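Lettering of chains follows the sequences in order, A, B, ..., and the numbering in each one begins at 1. The structure presented is a predicted model; accordingly, all values stated were derived computationally and were not measured. Below, all heavy atoms of this structure are taken into account, side chains as well, without hydrogens, waters or symmetry copies.
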2 protein chains.
Amino acid sequence: MIGATDDAGDGSAAVPRTSGDTRAEIQEAALDLFGRQGYEKTSLREIAERLDITKAALYYHFRSKEDLLRALAEPLRRDMEEFLAGLDASARNAPDEVLGSYFDICVRHAALLLALLRDLSSLTRVGLVEDVMGWRRRLDAVLVGEDADMPARMGAIIALGGLQDLAVFLAPEQARAHRGRAVAVALAALLEGAGPRTPGMD
Amino acid sequence: MIGATDDAGDGSAAVPRTSGDTRAEIQEAALDLFGRQGYEKTSLREIAERLDITKAALYYHFRSKEDLLRALAEPLRRDMEEFLAGLDASARNAPDEVLGSYFDICVRHAALLLALLRDLSSLTRVGLVEDVMGWRRRLDAVLVGEDADMPARMGAIIALGGLQDLAVFLAPEQARAHRGRAVAVALAALLEGAGPRTPGMD
DNA sequence: GTCTATATTTGGATAGAC
DNA sequence: GTCTATCCAAATATAGAC
């Protein structure tokens, strides 16, 4: 599902490497290294060495380093856009369900989000950071309204930001095991921001 | 207070540049650029050009790029360690006061934290990220206890992480204006994590 | 304390053989 | 589809003059 690969053959003649799909292997190695060291600090040489191929071989599959990153980000992009489109379609969105779905997506793409986190500045120029910011704004609007005041927005920022952080830092099993409470915690923050449960503090 | 500078002279003979303390100017320019573009993507040439000096001149004041970064991080380090030492000393620490003080420190050092955020991976090797993680663990312990279970810890993670994010993303005046509610939101998350206010969700 | 070189390394990227 | 060889640009860092 990740790349439109061209073959089904793992029984080819004398394939130099493991299975058959070098392109997918490159993406896998790159995502791991980007997440560990950041995009900028990871060189193509390093990725190539990990797979025991040459730099030049990478350039057959991806036209540039940026191109590789863009391909990596595609699944998240698709996922999130689809989710947001669904929200726009339905009239009423229960906050806890919105938060829950957002958490799920973050968990599913935790590796990429970690890479994003490791090297935020580099990723700005491929438009990734802008995308994420845009999604967050749209979610804010769904949760607290288009023109919420600052305190209300703060609740949304902490709720969504907290969920995203958790998804990245928790191991996948932990994230799954504690999904319920994660959402509950985020919801508490959201409500405290929106409704003056603790008035007279601004 | 930032660097142990050596002079008091702004009236020296024919000082090439603005005031007198080039070292401080370098730090200021570097922090701004690191925060804007990240550590890795900011070259020493760029910093030098901004101040209209040469790269080589930088090497007189700082032995390396890493050294410059370390110097930049010193004030935060001192501030946070002092705060944590104070917490260890006092017997009881009210959660909202702990959260508030943490927020204040984050706001005060927002520029550095932003740089940290922009290029997390590069900053790992100077030990900065490890430090931040260590501080967070110690704060977790203060807030929810040394051996809290995962749900409780999640409350602390979201509360502290959210405050840190807010401090970085908000303009200083906004941060000051909404400090009260920021702490209240974080506190709500903390409590929801610790006490099962919404039971049966794990 | 700052300058003009310059050394050294490493990165991304291309051409052309196999 | 992968390799060898190579180019080019840019960055960190150093040496030595002023």
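Atom-to-atom, NZ of A/K55 to P of D/dT2 comes out at 17 Å; the value is rounded to the nearest Å. With rounding to whole Å, A/I26 atom CD1 is found 10 Å from D/dG1 atom C1'. One can place CZ of B/R63 at 9 Å from P of D/dT14, the figure rounded to the nearest angstrom. As rounded to whole Å, 12 Å separates atom C1' of D/dA11 from atom CD of A/E40. Between B/R23 atom CZ and C/dT2 atom P the separation is 12 Å, expressed in whole Å. As rounded to whole Å, 15 Å separates atom C1' of D/dC8 from atom CG of A/L44. Across the protein-nucleic acid pair, B/K41 atom NZ and D/dT12 atom P stand 13 Å apart, rounded to whole Å. Between the CG atom of A/L58 and the P atom of D/dC3 there is a distance of 9 Å, rounded to whole Å.
With the nearest nucleotide of DNA chain C identified for both A/E46 and A/A56, A/E46 has the one nearer the 5' end.
The residues A/E49 and A/R45 are annotated as salt-bridged, a charged nitrogen and a carboxylate oxygen being separated by less than 4.0 angstrom. Between B/R138 and B/E81, at least one side-chain nitrogen of the basic residue sits less than 4.0 Å from a carboxylate oxygen of the acidic one, meeting the salt-bridge criterion. With respect to the salt-bridge test (charged N to carboxylate O, under 4.0 angstrom), the residues B/R181 and A/E192 qualify. Between A/R118 and B/D119, none of the side-chain N atoms (NZ, or NE/NH1/NH2) sits under 4.0 Å from a carboxylate O, so this pair counts as no salt bridge. Comment: A/R36 engages A/D32 in a salt bridge, judged by a side-chain N to carboxylate O separation of less than 4.0 angstrom.
Minimum atom distance to the side chain of B/H61 is reached by C/dT2, of the listed D/dA13, C/dT2, D/dT2. Ranking D/dC3, C/dA13, D/dA13 by closeness to the B/Y59 side chain, first place goes to D/dA13.
Below the 3.5 angstrom threshold, one finds no donor paired with an acceptor across the side chain of A/K65 and the base of C/dG11.
Nucleic acid contact class of A/S43 (heavy atoms, under 4.0 Å, all strands): sugar-phosphate only.
Between A/Y60 and the phosphate of D/dG1, there is a side-chain N or O to OP1/OP2 separation shorter than 4.0 Å. Close to C/dG11, at under 4.0 Å from its OP1 or OP2, lies a side-chain N or O of A/R45. Remark: B/T54 is not in phosphate contact with C/dT2, judged by side-chain N or O atoms under 4.0 Å from OP1 or OP2. For the OP1/OP2 pair of D/dT2 and a distance below 4.0 Å, the side-chain nitrogens and oxygens of A/T22 include at least one atom meeting the criterion.
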